[in-house]
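Worksheet: the structure to be examined is printed underneath.
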Amino acid sequence: MKPDIIILDFSGIYQEEDFYREEQVSWVDFRDISGTNCYCDGEAQGQILDRLEKYPASGIYFIDSGNYHYMSRIGAERAAEPFHLLVFDNHTDMQLPAFGGLLSCGGWIASALEEVENLREVWLVGPDEEAYGQVEEQFKNRVHFLSREKLAEDRAQGLNRKSQDRGGRTESGSVNTLGVLSTLLQELPTDFPLYISIDKDVLCPEAAATTWSQGDMTLEEMLESLACLENHFSEKGGRILQVDICGECDPDESMENSRNDHANGELLKFWKKCLKRLDGSAV
């Protein structure tokens with residue numbers, strides 16, 4: 001069965017992209033809702049939840065720029081069963097807003113850890129160690145962290161691993177240079193389904209153009225590592241609950257958007273195949 005593909009439109013930026021044009025997608029327009037940019041107030045949350053009610057808490061969601069990454073927190077809240085959370089992001093997203101009653105793009109993981117009853121543990125890939133060091137200790141005991149520095153160190157050793165042809169082999173025949181990331185993904189527990197949230201700001205500027213500072217992971221590295229996750233979940237009978245993807249650029253910067261369009265297309269192609277395979281293996 002094909003996974004549902006849902007596009008959440010806050011800024012209009014997806015109208016500048018083509019990756020979904022030949023797909024059957026559901027388009028949810030939020031542009032008329034005020035109080036949503038970077039922070040989401042209670043009234044806006046209520047309107048968003050009302051419009052999402054007819055859509056499943058599963059499938060592939062595209063959720064606009066990183067300014068709206070708090071939609072992952074709303075998506076997590078909609079999960080009806082216990083789950084783990086895997087996040088790719090160049091930022092920790094665990095800084096609670098100064099004012100109560102607001103859901104923020106920079107604090108949604110902390111909010112989920114505090115308030116989403118079904119969330120068990122979090123795996124966070126990409127922020128630097130300094131940023132993670134500023135996270136409150138109360139959140140760290142349920143978070144498994146893989147830093148940007150560790151990824152860079154591993155990448156520097158990747159050519160040596162590749163020449164020795166050790167592990168990380170994907171269906172395409174290439175060898176993943178990020179062994180530490182592949183290892184982490186292949187060791188994720190499958191006792192509960194997995195919610196996956198990808199902010200493209202974890203990617204290098206050559207792979208995506210986002211509204212926030214970016215990491216240095218290539219799209220190829222991400223896809224090769226995710227293939228290891230897919231194989232692991234297929235072998236262990238694991239389930240993926242939902243995938244969401246954000247990290248679009250500002251609409252005023254749409255001339256830079258071809259990289260995002262390409263990255264979204266590659267990620268959509270991967271997740272369509274992955275979710276279909278995992279759904280079939282679970283039957």
Side-chain angles (χ1 to χ4, degrees), residues 37-40 63 65-73 76 84-100 102-116 119 121-158 161 176-185 187-188 195-222 225-226 229 244-250 259-260 263:
N37 192 9
C38 290
Y39 296 92
C40 187
I63 59 177
S65 80
N67 293 15
Y68 307 96
H69 204 173
Y70 60 76
M71 286 302 302
S72 300
R73 161 66 177 80
H84 296 305
L85 174 64
L86 169 65
V87 182
F88 289 83
D89 201 310
N90 193 47
H91 308 88
T92 64
D93 289 355
M94 283 190 276
Q95 304 299 320
L96 291 173
F99 301 99
L102 293 176
L103 182 58
S104 76
C105 62
W108 70 269
I109 296 179
S111 175
L113 286 166
E114 279 194 328
E115 300 171 356
V116 177
L119 175 58
E121 295 183 85
V122 177
W123 281 257
L124 176 58
V125 176
D128 61 47
E129 292 171 1
E130 180 181 0
Y132 189 70
Q134 297 173 6
V135 173
E136 295 182 22
E137 292 299 325
Q138 62 177 317
F139 299 127
K140 290 182 178 180
N141 62 353
R142 290 167 59 198
V143 176
H144 307 265
F145 177 58
L146 183 56
S147 70
R148 179 177 180 176
E149 290 88 349
K150 184 64 176 177
L151 290 168
E153 177 185 343
D154 201 47
R155 184 182 295 108
Q157 300 171 5
R161 286 201 310 273
N176 187 353
T177 56
L178 288 180
V180 66
L181 175 55
S182 296
T183 298
L184 179 145
L185 297 180
E187 293 177 348
L188 282 172
Y195 187 120
I196 301 172
S197 182
I198 297 174
D199 190 332
K200 293 194 299 294
D201 69 13
V202 78
L203 297 173
C204 62
E206 291 76 19
T210 78
T211 54
W212 296 86
S213 61
Q214 293 182 225
D216 46 24
M217 186 183 297
T218 69
L219 180 60
E220 290 73 20
E221 288 169 342
M222 175 179 283
S225 299
L226 290 174
L229 170 66
D244 68 42
I245 299 164
C246 70
E248 305 316 304
C249 66
D250 188 284
R259 284 167 281 170
N260 297 330

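Proximity of W212 to N67: side-chain heavy atoms (C-beta onward) are separated by under 4.5 Å at one or more points. Side-chain contact check for R142 versus V122: every heavy-atom pair is 4.5 Å or farther apart. Between M94 and V143, the closest side-chain pair of non-hydrogen atoms falls below 4.5 Å. In this structure, L151 and L146 have side chains that are in contact, with non-hydrogen atoms separated by less than 4.5 Å. For the pair W108/S197, a side-chain contact is recorded, criterion being any heavy-atom separation below 4.5 Å from C-beta on. The shortest side-chain heavy-atom distance between V180 and E153 does not fall under the 4.5 Å cut-off. Counting heavy atoms from C-beta outward, V87 and V125 have side chains that stay 4.5 Å or more apart.
Judged as a salt bridge (charged side-chain N to carboxylate O under 4.0 Å, His left out), not a single pair has a partner in residues 89-99 (not counting sequence neighbours).
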**OP:** Evaluate the criterion side-chain contact (heavy atoms from CB on, under 4.5 Å) for residue pair M217 and N90; output intermediate values, then yes/no.
**Re:** CA-CA 10 Å; M217 186 183 297; N90 193 47; over 6 Å; no

**OP:** Could you check S213 against H91 for side-chain contact (heavy atoms from CB on, under 4.5 Å), going step by step and ending with a plain yes or no?
**Re:** CA-CA 9 Å; S213 61; H91 308 88; 2.9 Å; yes

**OP:** Go through L229 and L188 one step at a time and tell me if the side-chain contact (heavy atoms from CB on, under 4.5 Å) criterion holds.
**Re:** CA-CA 8 Å; L229 170 66; L188 282 172; 3.6 Å; yes

**OP:** Show your working on side-chain contact (heavy atoms from CB on, under 4.5 Å) between C38 and Y68 and close with a plain yes or no.
**Re:** CA-CA 6 Å; C38 290; Y68 307 96; over 6 Å; no

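Annotation: Q134, atom CD; neighbour count of heavy atoms from other residues, nucleotides and ligands within 6.0 Å is above 12.
Listed by chain and residue number, E136 satisfy the side chain to side chain donor-acceptor pair (under 3.5 Å) test with Q138 (two or more places apart in sequence, or in another chain). The side chain to side chain donor-acceptor pair (under 3.5 Å) search around E114 returns none, not counting sequence neighbours. Every residue two or more places apart in sequence or in another chain that forms a side-chain contact (heavy atoms from CB on, under 4.5 Å) with C246 is listed here: I63, H69, D199. Among residues two or more places apart in sequence or in another chain, the side-chain contact (heavy atoms from CB on, under 4.5 Å) test is passed with T183 by E187. Remark: E115 engages R73 in a salt bridge (Lys or Arg N to Asp or Glu O under 4.0 Å) (not counting sequence neighbours). Under the rule for a side-chain contact (heavy atoms from CB on, under 4.5 Å), the partners of E137 that lie at least two apart in sequence or sit in another chain are K140. With sequence neighbours excluded, the residues satisfying side-chain contact (heavy atoms from CB on, under 4.5 Å) with D216 are R148, R155. Here D128 pairs with nothing under the salt bridge (Lys or Arg N to Asp or Glu O under 4.0 Å) rule; sequence neighbours left out. Taking Y39 as the reference, nothing meets the ring pair (Phe, Tyr, Trp, His ring centres under 6.0 Å) condition, with sequence neighbours excluded. Taking F139 as the reference, nothing meets the ring pair (Phe, Tyr, Trp, His ring centres under 6.0 Å) condition, with sequence neighbours excluded. Shown here are the ring pair (Phe, Tyr, Trp, His ring centres under 6.0 Å) partners of Y195, two or more places apart in sequence or in another chain: there are none.
Ring pair H144/W123 is parallel by interplanar angle, where below 30° counts as parallel and above 60° as perpendicular.
Separating the CG atom in L203 from the OG1 atom in T210 is a distance of 9.0 Å, to the nearest 0.5 Å. Atom OG of residue S225 and atom CG of residue L181 lie 3.5 Å apart, to the nearest 0.5 angstrom. Remark: S111 OG to L103 CG distance equals 5.0 Å, nearest 0.5 Å. Considering CG of L96 and CG of L113, their distance stands at 9.5 Å, rounded to 0.5 Å. Within the model, atoms OH of Y132 and OG1 of T92 stand 9.0 Å from one another, a figure rounded to the nearest 0.5 Å. Taking CG of N141 as the start and CD of E121 as the end, the distance is 9.5 Å to the nearest 0.5 Å.
Of the listed residues (D244, L226, L86), just one forms a side-chain contact (heavy atoms from CB on, under 4.5 Å) with I198, and that residue is L226.
A salt bridge is absent between K150 and E129; no separation between the charged side-chain nitrogens and carboxylate oxygens falls under 4.0 Å.
Put simply, the side chain of N260 never gets that close to the backbone of A208: no donor and acceptor are under 3.5 Å apart.
A donor atom on one side chain and an acceptor atom on the other are not found under 3.5 Å apart for T211 and D250.
A207 and A263 get closest at one heavy-atom pair: O-CB, 3.8 Å.
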